[in-house]
Amino acid sequence: MNEVSEEPASVAPLAPGLYLVATPIGNLEDITLRALRVLRAVDKIACEDTRQTQKLLNHFGIRTPTISYHMHNEAGRAIELATALKAGARIAVVSDAGTPGIADPGGQIAVAAIAAGVPVFPIPGANAAISALIASGLAGAGGAGESFTFHGFLPAKEGQRRTALEALRGRSGGTLIFYEAPHRILDTLADVEAIFGPTQHVVVAREITKLHEEFLRGAVSEVRKTLADRASVRGEIVLLFAPSAVAAEREGKPSSIAAEVRELMKTQGLDEKDALKQVARSRGMGKSEAYRELQRERSK
């Protein structure tokens, strides 16, 4: 029987269809070879911001025509692009940075293309939420990284933001991932502290893949103080935390020191001494006072 060898995908002509292309979130070296090939070969690139994408295209010497595709024209543009796709066009969709359709435009055109029977091709690459998760340390904290949910941006208004966070208070066993603006991160951390408690472990990932990349890990009260002590907070931010069992039990009554110590030992791998020290700091207590209270709780 004769074997038929397939032409490698890297040199095969690009098929008609919609290509959702992930682009770097800060470091241009994170672009993939496949993404570059697709961006060169498509008929048109639909961009969240044509000016921003043009910088990327110029850097790699790509001259493919661009067209705007953003939150303000997404519905109408999706119809226009779907018509071109049905006629056999090859169109790429990119956001300013990261993966289109994830807290960025891209979802509506994907739905329209599928409804029209047009193939949709994901071209994977950089994503701030996943990059933050794998470096957060939460993946090894009691399996918190095995189960996670992405919530995009929290509401900008305080009341709506608190309502959204309170709806998540009863969850445990999985990591919650949010995007947040630098000018709102302190208010959001204050809300997390009020709803989940001052010892809730959080991770704030800032400027991922960029020159000033930073990960802040610790009790929410401590991370909030670290950021509040700065003259300003800049850069794109990802906030991650796994609601503790203690937070789930916080229904109008303060959690015990013993419960918070147990939770820190479980979720952060601390020994009892270090966990107690962290609880004492977050409560504004001395270590000796916290230790005596812990003993009193255990003797009940």
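As the structure is a prediction and not an experimental result, all values here were calculated from the model.
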message = Restricting to ring-ring contact (aromatic ring centres under 6.0 Å, His included), what partner residues turn up for H59, sequence neighbours left out?
response = none
request  = For the pair E272 and R298, find out whether any cationic side-chain nitrogen is under 4.0 Å from an anionic carboxylate oxygen.
outcome  = yes
query = For H151, which residues count as a ring-ring contact (aromatic ring centres under 6.0 Å, His included) partner, sequence neighbours excluded?
reply = F178
remark   = Here the gap from I102 atom CD1 to S95 atom OG, rounded to the nearest 0.5 Å, amounts to 9.5 Å
Heavy-atom side-chain contact between D274 and M265 under 4.5 Å = no
message = Walk me through whether R37 and L14 qualify under side chain to side chain contact (heavy atoms under 4.5 Å, CB included).
response = CA-CA 9 Å; R37 181 176 70 88; L14 199 66; 4.0 Å; yes
task = Start with the C-alpha gap between E74 and Y69, add the side-chain angles, then the distance that decides, and say whether side chain to side chain donor-acceptor pair (under 3.5 Å) holds.
result = CA-CA 6 Å; E74 186 172 11; Y69 177 71; 3.0 Å; yes
request  = Report the distance from atom CD1 of I237 to atom CD1 of I185, rounding to the nearest 0.5 Å.
outcome  = 4.5 Å
query = Does the pair V94 and E48 meet the rule for a side chain to side chain contact (heavy atoms under 4.5 Å, CB included), with working shown?
reply = CA-CA 7 Å; V94 300; E48 183 178 8; over 6 Å; no
inquiry  = Checking S68 against N73: is there a side-chain donor and acceptor pair closer than 3.5 Å?
reply    = yes
request  = State whether the side chain of R206 and the backbone N or O of G235 hold a donor-acceptor pair below 3.5 Å, judged by distance alone.
outcome  = no
ask   = In Å and rounded to the nearest 0.5 Å, what is the CD1 to CG distance from I257 to L294?
value = 6.5 Å
Show the atom names and distances, to 0.1 Å, of all donor-acceptor pairs under 3.5 Å that link a side chain in residues 119-135 to residues at least two apart or in another chain.
| unit_1 | atom_1 | unit_2 | atom_2 | d |
| --- | --- | --- | --- | --- |
| N127 | OD1 | A129 | N | 3.1 |
| N127 | OD1 | I130 | N | 2.9 |
| S131 | OG | N127 | O | 2.8 |

query = CZ of R184 to NZ of K157: how many Å apart, nearest 0.5 Å?
reply = 12.0 Å
note = F60 meets the ring-ring contact (aromatic ring centres under 6.0 Å, His included) criterion, sequence neighbours left out, with none
inquiry  = Quick one about S221 and E193 (side-chain donor to acceptor, distance below 3.5 Å, no hydrogens or angles considered), yes or no?
reply    = no
task = Without swapping roles, check the side chain of Q200 against the backbone of A242 for a donor-acceptor pair under 3.5 Å.
result = yes
task = Carefully, step by step, assess R161 and D187 under the rule side chain to side chain contact (heavy atoms under 4.5 Å, CB included).
result = CA-CA 10 Å; R161 183 172 61 244; D187 290 338; 3.4 Å; yes
request  = Among residues two or more places apart or on two chains, list those pairs meeting side chain to side chain donor-acceptor pair (under 3.5 Å) that have a residue in residues 228-243.
outcome  = E214-R230, K225-D229
query = Given the rule in the side chain to side chain donor-acceptor pair (under 3.5 Å) test, do D96 and T53 qualify, once you have shown the distances and angles that lead to the verdict?
reply = CA-CA 6 Å; D96 287 349; T53 299; 5.0 Å; no
request  = Not counting sequence neighbours, which residues clear ring-ring contact (aromatic ring centres under 6.0 Å, His included) with H212? List them please.
outcome  = none
query = Can D271 and K273 be counted as an ion pair, charged N to O under 4.0 angstrom?
reply = no
query = Which is it for K277 and L270 under the side chain to side chain contact (heavy atoms under 4.5 Å, CB included) test, yes or no, and what are the steps along the way?
reply = CA-CA 10 Å; K277 188 183 302 183; L270 301 178; over 6 Å; no
key: 4.5 Å side-chain heavy-atom contact, V204 and E180   = no
